[in-house]
Amino acid sequence: MHVLTANASLLAQAFATTLLLSLAGGVLAAAVGLLVGVARMSPVPFLQRVGAAYVEVIRNTPLTVVFFLIVFVLPQLGLTIPSYTVAAIIALGFYTAAFVSEAVRAGVNTVGRGQAEAARALGMSFLENMRFIIIPQALRSVVPPLANVWTALVKNTSIAAGFGVLELTAAGQRINFLEPAAVVQALLWIAAAYLVITLGSAAGFRRLEHRLAVPR
């Protein structure tokens with residue numbers, strides 16, 4: 001308890017930063033992942049290839065390398081990023097988007113082909129078909145895998161500690177430097193903080209899944 005009270009402001013700031021990285025990174029990942037997922041299912045071959053290449057490259061690249069590219073390489077190319085926190089959000093968002101796109105694609109594949117064929121028969125375009133017919137039905141199947149992707153994103157925020165961002169893992173490192181004897185207690189509190197975020201989110205996803213479920 002001494003660690004918690006003595007470092008309350010540090011841990012509170014780190015917890016808030018972890019939440020910010022998770023939420024902002026999650027929103028970015030959802031937006032980019034949806035676009036990539038739709039591109040992969042597009043009738044345009046070029047978009048299919050671009051979407052597939054994005055997913056394959058990102059999924060086979062370590063997240064730490066993605067951080068390095070965004071934090072150090074982009075500024076050298078003239079793309080200035082306001083802060084390390086913003087850079088971390090971009091890295092987490094674009095990395096996680098590859099996994100979101102796969103979850104979206106898997107969910108869309110659960111919708112019967114007859115739905116898309118009926119929409120085309122009514123004169124709907126591909127985008128109208130996806131927006132009004134396919135995606136709303138696919139959401140029921142997408143929620144569980146997206147919950148797993150979100151949990152992975154929350155845990156991946158710890159990598160930002162190595163790039164100058166004061167989040168929970170970085171707070172543990174700082175406490176270890178200042179009070180080596182209290183590092184075990186600090187890590188236990190930090191693990192509990194991660195659990196608060198992940199378990200709380202899991203409960204929210206379960207509730208959403210229940211609301212979207214079709215009564216049988």
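For Ile190, the side-chain contact (heavy atoms from CB on, under 4.5 Å) partners at least two apart in sequence or on another chain are Leu11, Leu168, Tyr194.
Following chains of ILVMFWY side-chain contacts shorter than 4.5 Å, one can reach Phe68 starting from Leu77, so the two form part of one hydrophobic cluster. Cluster annotation: Val86 is connected to Leu92 through the hydrophobic network of ILVMFWY side chains, with a link wherever side-chain heavy atoms come within less than 4.5 Å. Under the 4.5 Å side-chain heavy-atom criterion for ILVMFWY residues, no single connected hydrophobic cluster contains both Leu35 and Leu153. Tracing side-chain contacts under 4.5 Å through hydrophobic residues (I, L, V, M, F, W, Y), one reaches Tyr95 starting from Leu20; they form part of the same cluster. Cluster annotation: Val55 and Val50 are assigned to distinct hydrophobic clusters (Ile/Leu/Val/Met/Phe/Trp/Tyr, side-chain heavy-atom contacts under 4.5 Å, transitive).
Using a 4.5 Å cut-off on side-chain heavy atoms (C-beta onward), Ser22 and Trp150 make contact.
Rounded to the nearest 0.5 Å, atoms CG (Leu208) and CZ (Arg140) are 11.5 Å apart. The CG atom of Leu69 lies 12.5 Å from the CD1 atom of Ile90; values are rounded to the nearest 0.5 Å. Between atom CG of residue Leu21 and atom OG of residue Ser158 there is a gap of 10.5 Å, rounded to the nearest 0.5 Å.
Between Arg206 and Glu209 there is no salt bridge, since none of the side-chain N atoms of the basic residue sits less than 4.0 Å from a carboxylate O of the acidic one.
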Go through it in stages, so that I can follow the logic: the residues are Phe67 and Phe72, the test is ring pair (Phe, Tyr, Trp, His ring centres under 6.0 Å), and I'd like the CA-CA distance, side-chain angles, deciding distance and then a yes or no.
CA-CA 8 Å; Phe67 265 87; Phe72 299 115; over 10 Å; no
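Under a cut-off of 6.0 angstrom, the local environment of CZ in Phe163 is crowded, with over 12 non-hydrogen atoms contributed by other residues, nucleotides or ligands.
Counting only distance, with no hydrogens or angles, the side chain of Asn176 and the backbone of Gly172 share no donor-acceptor pair below 3.5 Å.
Met41 and Val104 make their closest contact through CE-CG1, 4.4 Å (heavy atoms, listed as atom of the first residue, atom of the second, distance). Ile70 and Ala87 get closest at one heavy-atom pair: CG2-O, 3.7 Å.
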